[in-house]
Amino acid sequence: MSKSAILCKECLKWLCASRDLFCAYCGTGLVKIILSVDKIELGSGISTFSILNRGVIDLYWACEIVSPNNEISKIFELFPDYGVLSSGQEQLLSINLKETLSQKLLRISVE
């Protein structure tokens with residue numbers, strides 16, 4: 001993470017520290033994440049979406065599959081599953097449904 005102060009992109013009147021979440025002058029959030037989708041439909045193959053850091057400080061991110069059924073997370077692969085985005089940087093994320101394992105789990109749950 002950058003240790004130097006960064007000028008707020010909204011008001012251009014305050015130098016924000018690298019660990020600040022808001023501008024102390026205007027109150028604008030300094031971490032702004034934009035997702036390319038709000039819902040992902042999984043089919044065969046790989047589904048992708050992007051995250052974009054529109055803020056002024058580095059964005060440390062991580063993603064995981066969350067489900068009440070612990071077995072569900074085992075049938076997906078996420079790549080990458082964590083990282084750091086600098087201001088203005090974009091990251092493509094891929095979610096792959098492991099078909100052989102998913103078929104096995106579905107077969108077990110049906111029997």
Side-chain angles (χ1 to χ4, degrees):
M1 184 185 311
S2 172
K3 299 294 180 190
S4 61
I6 302 167
L7 190 62
C8 174
K9 288 184 178 179
E10 189 70 26
C11 68
L12 303 173
K13 296 181 179 183
W14 195 261
L15 287 176
C16 305
S18 61
R19 294 187 185 265
D20 289 345
L21 298 179
F22 299 93
C23 172
Y25 185 85
C26 70
T28 297
L30 300 177
V31 177
K32 294 181 182 176
I33 183 170
I34 296 177
L35 299 174
S36 61
V37 294
D38 60 355
K39 177 174 118 179
I40 299 171
E41 295 183 19
L42 298 170
S44 60
I46 297 174
S47 298
T48 60
F49 68 100
S50 65
I51 57 175
L52 173 63
N53 180 6
R54 290 264 173 108
V56 295
I57 62 174
D58 291 347
L59 172 66
Y60 288 77
W61 63 271
C63 65
E64 64 180 329
I65 302 295
V66 178
S67 170
N69 181 342
N70 291 335
E71 296 297 313
I72 295 297
S73 62
K74 294 178 183 176
I75 67 173
F76 294 100
E77 292 176 308
L78 299 170
F79 183 79
D81 59 352
Y82 68 93
V84 180
L85 288 175
S86 298
S87 179
Q89 206 174 27
E90 183 177 15
Q91 175 70 56
L92 290 177
L93 303 173
S94 299
I95 300 175
N96 185 25
L97 177 63
K98 300 179 201 173
E99 290 188 33
T100 55
L101 184 56
S102 64
Q103 291 169 353
K104 180 180 175 184
L105 286 173
L106 289 174
R107 194 169 44 248
I108 290 170
S109 64
V110 171
E111 296 176 346

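No experiment lies behind these values; they were computed from the predicted model shown.
A distance of 12.0 Å separates CD1 in Ile6 from SG in Cys23, rounded to the nearest 0.5 Å.
With sequence neighbours excluded, no residue forms a side chain to side chain donor-acceptor pair (under 3.5 Å) with Gln89.
Ser94 approaches Thr48 most closely through the heavy-atom pair OG-CG2, 3.5 Å. Contact record, Glu10 with Thr28: CG-OG1, 3.2 Å, taken as the closest heavy-atom pair.
Neither Leu59 nor Leu92 shares a network with the other; the hydrophobic side chains, linked directly or stepwise wherever heavy atoms of I, L, V, M, F, W or Y lie under 4.5 Å apart, form separate groups for each.
Using a 4.5 Å cut-off between side-chain heavy atoms of Ile, Leu, Val, Met, Phe, Trp and Tyr, Trp14 falls into a hydrophobic cluster with Tyr25.
Between Trp61 and Asn53 the shortest side-chain heavy-atom distance does not fall below 4.5 Å.
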Side-chain donor-acceptor pairs of residues 76-87 under 3.5 Å, sequence neighbours excluded:
unit_1	atom_1	unit_2	atom_2	d
Glu77	OE1	Asn96	ND2	3.0
Ser87	OG	Lys9	NZ	2.9
Ser87	OG	Gly55	O	2.6

